[in-house]
Structures are given as C-alpha cells and as structure tokens.
Protein chains: 2
Amino acid sequence: MDVDALTIQEAAQTTGWSSRMLRYVESMGLIESRRSPAGYRLYGPEELQRLRTLRELLAQHEVGLSEMGFALRLRREEDLSRAVEAWFEAEVSRPDDVPAADWLRFEQEKHERLLAAALS
Amino acid sequence: MDVDALTIQEAAQTTGWSSRMLRYVESMGLIESRRSPAGYRLYGPEELQRLRTLRELLAQHEVGLSEMGFALRLRREEDLSRAVEAWFEAEVSRPDDVPAADWLRFEQEKHERLLAAALS
DNA sequence: AAAACCTTGACAAGATCGCGGTAAGGTTGG
DNA sequence: CCAACCTTACCGCGATCTTGTCAAGGTTTT
C-alpha cells in the first residue's frame, strides 16, 4: 500500500465527507483519485486538501454539489460558457452587422407576425 | 395599454413559455419585466427576445433554469465566483508566502495528526 | 355588469438531489 | 483463512425543483 495515500474511508475521516459522498463527488467529475492495482481509490495530499476546501466552499456559499458540477461544465464546454456569457451580456442580442434601431423594428414586426399567426 | 408591450400570456405565446414559467423565470432573477400601473407584467421586444434565446440555450445545451440561476449568482456574487475559480484553478491551494514543498509536507503531517486523533 | 384578463399564494404530481444502507463479490493483512 | 477492508449496483427516503392548476381578489374591455 502506498506510503502517501489514504483509502476511501480514511480520506473520509480527515475531510469530513462520508465514503459514500466521496464516490458521489467523483461521479460528478469534481475529484477523481488514482486507483491501486486492485481498483481501490487512493487519496493523496492534494486530493485531501481539495476535498476540504470544496467542503468549505459549499458550506460558506450555500452551494450544492450539482451546482459545482455545472461550474465544471462551464469550464469544460467552451460553447456552453460562451452561450451563457452571451445571454447575460446582451440586453438585446443581434447580429453585428445590423444597426440597433433597424433590428429592434425588425424584431417588433416579427413578433407581431408571430403573435397574429398564433392567435388566428 | 402600452403600444409596444405584451401581457404575460401574449408573451407566453410568442416565446414558447407558459405564463406560469414566465413568473418562475422572473422569480429566479433571470428576466424581470416592467409593470403597468396596476401591477401587470409588460414584456417589451428586448425581454421577448431574451426569453426566446434563453429557451434555445437551455434546450441546446441540456441546461436547467436552476443552473442558469447559479450562473447568475456567479456573476453577481464576486466572492463566490472567485472562490469557485480558485478551487478549480488550484491543484494544491496554499498561502502565497509558503514554498510549495514545505506546504505539502505540512499538510501531510497535519492530516496524519488528524487521522491519528480520529482513530484513537 | 359580465367576460376575460391580471395579481399573489397555495396545493400537488412527478423528477431529481443528497445521502444512507445493503447485497454480492474481490483484496489485504495478520 | 478470516476479519476487515474495498468495489459496483442497486433500493429508498426526505427535501427540493419544475410545472400545472386552482382560489380569491383586482383590472380592462366591451
């Protein structure tokens, strides 16, 4: 057994998670540990530290694991984070080559057409 | 009644949401509309457009409203976004003034002490 | 004044989350 | 070889999320 690694339940004790939750955290891709030849999870000092700080983070900011999972998606999926960013950024999103006033008029007419169609 | 604004159920028709969900979206702080003197929600072209793009975003990326709500928190709460950023960034998080090697040793010893205490 | 809206608030069905437990089976150390 | 670990795969339960619907009351339109 490695000198510098804890098994899952030892890791649970020092970090304040349960072993059940350690596997859960891993299943969301937040912290993956290395494995022994037999497939046992082995937690080194870095993982332990990250587990502790993760715990603090969640507690201090009222954040859940699934929200951290989404944060992970945001930094892994480039196009997702761009789309989200763009949505928050744009009060009115429009093609760059259309002047704002024209675009607004176009949108108004479009929604009027759509509304007329929907109500007919 | 304003020329250029739709009531909640008209807005629902053109955007593909239900009026119930429009109120729900508002309750998460994602899209707030202005109100008529009597308190009726009035949706202008900008809100309608953002509602449509929000819908697309959610559908195309398999994202839920609560996750967009979290994204909103991330861009409103400075310290939260810094904490999340820092957690993902740091393989090992440590004070800036402590050299990496020493810190690592310190952490090891600390977790050994904690473990010993926990198991005694 | 009646019909057709709107408001907030509540209840409810179904899905997902957070977490524990259990079962069946492989590994490790004394 | 046996006790005490570990693995994955489930079942379940309380809490929360999503969404609809309904109730009680105000507004707008005709």
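To find a chain, count down the sequence lines: A is the first, B the second, and so on, and within it residues start at 1.
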* **Trace of the salt bridge (charged side-chain N to carboxylate O under 4.0 Å, His left out) decision for A/E77 with A/R82** => CA-CA 9 Å; A/E77 299 170 32; A/R82 254 188 287 102; over 6 Å; no
How many whole angstroms separate atom [atom1] of [X] from atom [atom2] of [N]?
{"X": "A/Q9", "N": "D/dT7", "atom1": "CD", "atom2": "C1'", "result": "13 Å"}
{"X": "A/E62", "N": "C/dG18", "atom1": "CD", "atom2": "P", "result": "13 Å"}
{"X": "A/R35", "N": "C/dT28", "atom1": "CZ", "atom2": "P", "result": "14 Å"}
{"X": "B/F70", "N": "D/dT18", "atom1": "CZ", "atom2": "P", "result": "14 Å"}
{"X": "B/Y43", "N": "C/dC6", "atom1": "OH", "atom2": "C1'", "result": "12 Å"}
{"X": "A/Q13", "N": "D/dC6", "atom1": "CD", "atom2": "C1'", "result": "15 Å"}
{"X": "B/I8", "N": "C/dC5", "atom1": "CD1", "atom2": "P", "result": "13 Å"}
{"X": "A/L65", "N": "D/dT16", "atom1": "CG", "atom2": "P", "result": "15 Å"}

Please compare A/G39 and B/G64 by the position of their nearest nucleotide in DNA chain D and report the one closer to 5'.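 The residue whose closest nucleotide sits nearer the 5' end is A/G39.
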ask   = Of the candidate nucleotides C/dT8, C/dC5, D/dT7, which contains the atom at the shortest distance from the side chain of A/Y40?
value =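 The nucleotide sitting nearest to the side chain is D/dT7.
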Practice problem: Just compare C/dT27, D/dT18, C/dC6 and give me whichever is closest to any side-chain atom of B/S66. | Solution: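 My answer, after comparing the listed nucleotides, is D/dT18.
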Whether [X] contacts [N] is assessed here as follows: a side-chain N or O lying under 4.0 Å from the phosphate OP1 or OP2. Is that the case?
{"X": "A/S19", "N": "D/dC6", "result": "no"}
{"X": "A/S36", "N": "D/dC6", "result": "no"}
{"X": "A/T7", "N": "D/dC5", "result": "no"}

Salt bridge check, B/R75 against A/E85: does any charged N sit closer than 4.0 Å to a carboxylate O?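 Yes.
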Margin query: Quick check: on DNA chain C, is the nucleotide nearest A/P37 upstream (toward 5') of the one nearest B/R41, or the reverse? Name the residue that is more 5'.
Written below: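 On the 5' side of the pair lies B/R41.
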Between A/W17 and A/L51 (side chain of the first, backbone of the second, donor and acceptor by atom type, cut-off under 3.5 Å), is there such a pair?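 Between the backbone of A/L51 and the side chain of A/W17 there is a qualifying donor-acceptor contact (under 3.5 Å).
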| said: Donor-acceptor check, side chain of B/E67 to backbone of B/G64, threshold 3.5 angstrom: yes or no? | reply: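 The answer is yes, because a donor-acceptor pair under 3.5 Å joins these two groups.
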Q. Do the side chains of A/F88 and B/M68 get nearer than 4.5 Å, heavy atoms only?
A.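 Yes, at least one pair of side-chain atoms sits under 4.5 Å.
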| field | 4.5 Å side-chain heavy-atom contact, B/S33 and B/L42 | value |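 Side-chain contact under 4.5 Å: no.
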Point to revise | Spatial distance of atom CG (A/D4) from atom CG (A/L48) [nearest 0.5 Å] | key: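 Rounded to the nearest 0.5 Å, the CG-CG separation comes out at 9.0 Å.
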### Message
For DNA chain D, which residues of residues 20-32 of chain A approach it to below 4.0 angstrom with any heavy atom?
### Response
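Residues of residues 20-32 of chain A that come under 4.0 Å of DNA chain D are, in numerical order, A/R23.
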